[in-house]
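Everything below concerns the one structure shown next.
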Amino acid sequence: MTTIVVGYVPKAEGRAALRRAAEEATLRDAKLVVVNSHRGGRSFDSDEAEASDAALTEVREQLDSTGVPYEVRQLVRGLDPAEDLVAVAEQVHAEFIVIGLRRRSPVGKLILGSNAQRVLLDAPCPVLAVKAEEGED
């Protein structure tokens with residue numbers, strides 16, 4: 001079975017990436033691997049862990065309604081999200097990776113987000129970058 005990896009954060013860009021990844025998984029009869037990555041250590045406290053767990057519960061509920069086979073991986077191991085996404089894509093032999101991009105100012109558009117740029121440059125497979133829709137928080 002084909003596998004698609006999606007980077008998820010509980011923000012507009014993460015929700016947009018998840019929606020598109022689920023659509024692609026349905027079209028391709030593929031399995032979806034949702035990756036939620038945190039650096040860990042002092043910067044990831046218990047309140048953040050609870051919020052992240054709640055967000056991933058919403059992800060599971062959303063994906064359950066689509067019928068797409070999936071697994072959710074919450075990684076807290078000290079790596080950058082880009083490193084985690086690339087590592088998971090390599091591990092599962094992903095057909096492609098889906099990432100969300102946040103909107104940027106005209107000056108900010110000159111420089112793509114560092115995690116997105118690293119995924120695009122280091123991924124072992126094609127990367128589909130998705131922008132959040134207007135008005136989405």
Side-chain angles (χ1 to χ4, degrees):
M1 175 177 266
T2 301
T3 303
I4 298 169
V5 172
V6 58
Y8 179 78
V9 291
K11 298 179 180 177
E13 60 266 26
R15 289 187 290 276
L18 183 66
R19 272 194 309 275
R20 183 56 188 267
E23 290 169 4
E24 292 293 332
T26 300
L27 290 171
R28 299 167 188 265
D29 195 27
K31 177 182 178 182
L32 195 58
V33 177
V34 180
V35 178
N36 180 247
S37 175
H38 300 277
R39 273 210 169 272
R42 292 181 186 172
S43 64
F44 191 67
D45 63 22
S46 61
D47 289 341
E48 288 175 309
E50 286 179 25
S52 183
D53 287 344
L56 293 181
T57 296
E58 290 177 22
V59 166
R60 288 181 184 93
E61 289 171 355
Q62 181 179 342
L63 292 176
D64 284 343
S65 71
T66 68
V68 169
Y70 70 91
E71 71 177 86
V72 176
R73 297 185 185 188
Q74 183 172 12
L75 305 176
V76 184
R77 56 188 190 184
L79 299 178
D80 287 327
E83 292 173 299
D84 278 334
L85 276 175
V86 169
V88 170
E90 289 171 344
Q91 179 185 31
V92 302
H93 306 288
E95 182 177 339
F96 63 94
I97 299 170
V98 181
I99 59 173
L101 300 177
R102 65 177 178 234
R103 299 207 176 271
R104 297 187 174 274
S105 67
V107 172
K109 289 179 184 177
L110 292 173
I111 302 172
L112 191 61
S114 62
N115 280 317
Q117 185 175 25
R118 289 183 56 212
V119 171
L120 288 167
L121 295 174
D122 297 341
C125 55
V127 178
L128 173 60
V130 179
K131 288 194 302 186
E133 294 182 21
E134 287 290 330
E136 195 173 15
D137 54 20

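Remember, it's a predicted structure, so these values are computed and weren't measured experimentally. Counting from 1, the numbers follow the sequence of the chain as shown.
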When you group the ILVMFWY residues by side-chain heavy-atom contacts below 4.5 Å and let the links chain together, are Ile97 and Leu121 in the same group? no

Evaluation steps, side chain to side chain contact (heavy atoms under 4.5 Å, CB included), between Val92 and Glu71: CA-CA 12 Å; Val92 302; Glu71 71 177 86; 5.5 Å; no

Rounded to the nearest 0.5 Å, how far does CG of Leu18 lie from CD of Glu23? 10.0 Å

In short, Leu63 meets Ala22 closest at the heavy-atom pair CD2-CB, 4.0 Å

Does Val33 share a hydrophobic cluster with Ile99, counting links as ILVMFWY side-chain heavy atoms below 4.5 Å and allowing steps through other members? yes

Check Val68 against Ala30 and note the closest heavy-atom contact, atom names and distance. CG1-O, 3.9 Å

In terms of heavy-atom contacts, does CG of Asp29 have more than 12 from other residues, nucleotides or ligands at under 6.0 Å? no

Which heavy atom of Pro126 sits nearest to which heavy atom of Phe96, and what is that distance? O-CB, 3.1 Å

When rounded to the nearest 0.5 Å, the distance separating CD1 of Ile4 from NZ of Lys31 is 12.0 Å

Any donor-acceptor pair under 3.5 Å from Asn36 side chain to Gln74 backbone: no

Do you reckon Val88 sits in the same ILVMFWY cluster as Val9, going by side-chain contacts under 4.5 Å, direct or chained? no

Taking all heavy atoms of Arg118 and all of Ala82, pick out the closest pair and write down the distance. CB-CB, 3.7 Å

Would you compute the distance between atom CZ of Arg60 and atom CD of Glu58 and round it to the nearest 0.5 angstrom? 11.5 Å

What are the two closest non-hydrogen atoms of Ser37 and Pro81, and how far apart are they? OG-CA, 3.4 Å

Do Leu101 and Val5 land in one hydrophobic cluster if side-chain heavy atoms of ILVMFWY residues count as linked below 4.5 Å? yes

Straight-line distance of Glu24 CD to Thr2 OG1, nearest 0.5 Å: 11.5 Å

Any side-chain heavy atom of Met1 sitting closer than 4.5 Å to one from Pro69? yes

Between Ala17 and Gly7, what is the shortest heavy-atom contact and its length? CB-O, 4.0 Å

Would you say Val98 and Tyr70 are hydrophobically clustered, going by side-chain heavy atoms of ILVMFWY under 4.5 Å? yes

Spacing of OH belonging to Tyr8 relative to CG belonging to Leu32, to within rounding of 0.5 Å: 12.5 Å

